[in-house]
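Everything on this sheet refers to the single structure shown next.
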There are 2 protein chains.
Amino acid sequence: MSVAEVVAGPVVTSLSIAEAAEATGLTTHTLRYYERDGLLLDAVDRASSGHRRYSQDDVGWIRMVTRLRSTGMPIREVRQYAELVRAGDGNEAERLQLLVAHRDRVRQQLAEVATHLEAIEYKIGLYERSTCTLT
Amino acid sequence: MSVAEVVAGPVVTSLSIAEAAEATGLTTHTLRYYERDGLLLDAVDRASSGHRRYSQDDVGWIRMVTRLRSTGMPIREVRQYAELVRAGDGNEAERLQLLVAHRDRVRQQLAEVATHLEAIEYKIGLYERSTCTLT
DNA sequence: GTGCGCCTTCGAGTGCACTCGAAGTCAAGC
DNA sequence: GCTTGACTTCGAGTGCACTCGAAGGCGCAC
């Protein structure tokens, strides 16, 4: 933070890589990795020192990326989506298509996991009963 | 299948590795890999030719393994569980503990994915509305 | 008896997503 | 002026779970 920021508060809140990591739950290593792999919308701004400064928009986008990632979207596909957004207006239908396809996959996978979970819970039920009768 | 099996039907239904793969949805490569990695309860029986013959119990266990795997249990932990079952009676409490821990992880992860999915669906809603107004 | 196809073992290769280490730079505090 | 610590780049390493390929064996159909 600059002296001006300390005195008057930040004009626009921007974050160091460590703060961005804190804010997004990623590591600094992963943040740099995402950037060089083209998952972010633009190269992150730099301070005069060359250090990255993450804007609120950057953080918002990274949160979207983590949502896509933690629902199982491959890096490659997140990059495609980022490329569409980067290309600007006019490809909303494509973006929509990509997200809808992902949504459908996630829903299906969620249902499958739920089914498997039920079977596991049934098994747990068996063990609980047998453990009861044993003790 | 032997001549006797063709004539009189199989005495005990046992499957070749290809049939077991078909029955479990795994590849023959993966079935061998699971066996050498200690995920199965015992070494699978062999025909006189040396070919593997999977019993119904084998297939049942492999189905359990795939349930655990596809809910995200690491190979290492499936192996631990298999070791407990292999050790025989007396460790049911441990098995139960392992399954319950897994169940809780799965439940939590399911809830997280559901939350992320909602956020993605919200985003889809935005795109759908903007695409409507555009066309 | 010969070709076919399925089986065997072994070890190496692949793809994904990080994850880490080394070597160097820069601003601030003592 | 010197240390400290957070940052930089680059490339290599890791862990996981398969996945594949090569080389060879067995038994059945023709």
Side-chain angles (χ1 to χ4, degrees), chain A residues 1-7 14-40 43-54 58 62 65-82 102 105 109 116, chain B residues 1-7 14-40 43-54 58 62 65-82 102 105 109 116:
Chain A
M1 258 185 225
S2 68
V3 173
E5 281 173 341
V6 170
V7 173
S14 74
L15 306 178
S16 72
I17 193 167
E19 289 163 338
E22 174 74 23
T24 58
L26 301 173
T27 68
T28 58
H29 280 298
T30 302
L31 283 173
R32 291 193 204 96
Y33 165 65
Y34 278 4
E35 187 176 344
R36 66 170 184 266
D37 236 45
L39 269 60
L40 305 192
V44 174
D45 283 349
R46 300 301 176 112
S48 58
S49 59
H51 292 191
R52 289 174 179 79
R53 320 271 26 217
Y54 290 80
D58 289 332
I62 293 164
V65 169
T66 59
R67 277 197 286 273
L68 294 174
R69 287 289 307 120
S70 58
T71 50
M73 184 182 284
I75 293 280
R76 170 179 13 96
E77 207 167 322
V78 177
R79 181 166 45 234
Q80 279 171 25
Y81 183 58
H102 179 60
R105 278 199 310 271
Q109 184 224 327
H116 289 313
Chain B
M1 260 185 221
S2 69
V3 173
E5 280 173 342
V6 170
V7 173
S14 74
L15 306 178
S16 72
I17 192 168
E19 291 164 337
E22 174 73 22
T24 58
L26 301 174
T27 66
T28 58
H29 280 299
T30 303
L31 283 173
R32 292 192 204 95
Y33 164 65
Y34 278 4
E35 186 177 343
R36 67 169 183 267
D37 234 48
L39 269 59
L40 305 192
V44 174
D45 281 350
R46 300 302 175 112
S48 58
S49 60
H51 293 189
R52 289 174 177 80
R53 320 270 28 218
Y54 290 80
D58 288 333
I62 292 164
V65 169
T66 60
R67 277 197 285 274
L68 295 173
R69 287 289 304 119
S70 58
T71 49
M73 185 184 282
I75 294 281
R76 172 180 11 96
E77 207 168 322
V78 177
R79 183 165 45 234
Q80 279 172 25
Y81 182 58
H102 180 59
R105 278 199 310 270
Q109 184 224 327
H116 289 312

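In what follows, every chain begins at residue 1, and chains take the letters A, B, ... in the order their sequences are listed.
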Quiz item: Is B:Thr30 near enough to D:dA17 that one of its side-chain N or O atoms lies under 4.0 angstrom from OP1 or OP2?
Solution: no
Practice problem: Whole angstrom is fine here: how far is it from CD1 in A:Ile62 over to P in C:dC18? | Solution: 13 Å
Quiz item: How long is the gap from OG1 on B:Thr66 to CG on B:Leu39, to the nearest 0.5 Å?
Solution: 11.0 Å
Quiz item: What's the CG-P distance between B:Leu39 and D:dC16, to the nearest Å?
Solution: 13 Å
Could you go through residues 71-79 of chain B and list every donor-acceptor pair under 3.5 Å that involves a side-chain atom there, pairing it with any protein atom two or more places apart or in another chain?
| from | atom 1 | to | atom 2 | distance (Å) |
| --- | --- | --- | --- | --- |
| B:Thr71 | OG1 | B:Arg67 | O | 2.8 |
| B:Thr71 | OG1 | B:Leu68 | O | 2.8 |
| B:Thr71 | OG1 | B:His102 | NE2 | 2.8 |
| B:Glu77 | OE1 | B:Arg105 | NH2 | 3.4 |
| B:Glu77 | OE2 | B:Arg105 | NH2 | 3.0 |
| B:Arg79 | NH1 | B:Asp37 | O | 2.9 |
| B:Arg79 | NH1 | B:Asp37 | OD2 | 3.0 |

Self-check item: Closest approach of A:Ser14 to A:Glu19 (non-hydrogen atoms, all atoms of both residues)
Solution: O-OE1, 4.2 Å
Quiz item: Looking at A:Tyr34, does any N or O in its side chain come under 4.0 Å of the phosphate oxygens OP1/OP2 on C:dC18?
Solution: yes
Self-check item: Gap between atoms CZ and P, on B:Arg53 and C:dT8 respectively (whole Å)
Solution: 10 Å
Exercise. Provide, to the nearest angstrom, the distance between the CG atom belonging to A:Leu15 and the P atom belonging to D:dA6.
Key: 16 Å
Self-check item: Least distance between heavy atoms, A:Ala82 atom then A:Gly38 atom
Solution: CB-O, 3.8 Å
Exercise. Specify the separation, in whole Å, of atom CG of B:Leu31 and atom C1' of D:dC18.
Key: 12 Å
Exercise. Would you mind reading off the distance between B:Leu68 atom CG and D:dC16 atom P, rounded to a whole angstrom?
Key: 17 Å
Quiz prompt | Relative orientation of the end axes in the helix from C:dG1-D:dC30 to C:dC30-D:dG1, expressed as an angle to the nearest 10° (five pairs per end) | solution = 10°
Quiz prompt | Any B:Ser16 side-chain N or O less than 4.0 Å from OP1/OP2 of C:dC7 | solution = yes
Could you go through residues 28-35 of chain B and list every donor-acceptor pair under 3.5 Å that involves a side-chain atom there, pairing it with any protein atom two or more places apart or in another chain?
| from | atom 1 | to | atom 2 | distance (Å) |
| --- | --- | --- | --- | --- |
| B:Thr30 | OG1 | B:Thr27 | OG1 | 2.8 |
| B:Glu35 | OE1 | B:Arg52 | NE | 2.7 |
| B:Glu35 | OE2 | B:Val44 | N | 3.3 |

Using atom names, set out every protein N or O paired with an N or O of nucleotides 9-11 of chain D below 3.5 Å, distance rounded to 0.1 Å.
| from | atom 1 | to | atom 2 | distance (Å) |
| --- | --- | --- | --- | --- |
| D:dT9 | OP1 | A:Arg46 | NH1 | 3.4 |
| D:dT9 | OP1 | A:Arg46 | NH2 | 3.0 |
| D:dT9 | OP2 | A:Arg52 | NH1 | 3.0 |
| D:dT9 | OP2 | A:Arg52 | NH2 | 2.8 |

Quiz item: Taking atom CG of B:Asp45 and atom CG of B:Asp58, what is their separation to the nearest 0.5 Å?
Solution: 7.0 Å
Self-check item: Nearest-nucleotide comparison on DNA chain C, the residue closer to the 5′ end among A:Ser49 and B:Ala18
Solution: B:Ala18
Quiz item: Listed in order of residue number, which residues of residues 69-78 of chain B have a non-hydrogen atom at under 4.0 Å from DNA chain C?
Solution: none
Quiz item: Tell me: CZ of B:Arg79 to C1' of D:dG15, nearest whole Å?
Solution: 13 Å
Quiz item: Taking atom P of C:dT19 as reference, at what distance in whole Å does atom CD of A:Glu35 sit?
Solution: 18 Å
Each nucleotide N or O in nucleotides 1-5 of chain C that has a protein N or O under 3.5 Å away: list the pair and distance.
none

Quiz item: If we only count heavy atoms from C-beta on, is the B:Arg53 to B:Ser16 side-chain gap below 4.5 Å?
Solution: yes
Practice problem: Using a 4.5 Å cut-off on heavy atoms from C-beta on, say whether the side chain of B:Tyr54 contacts that of B:Ile62. | Solution: yes
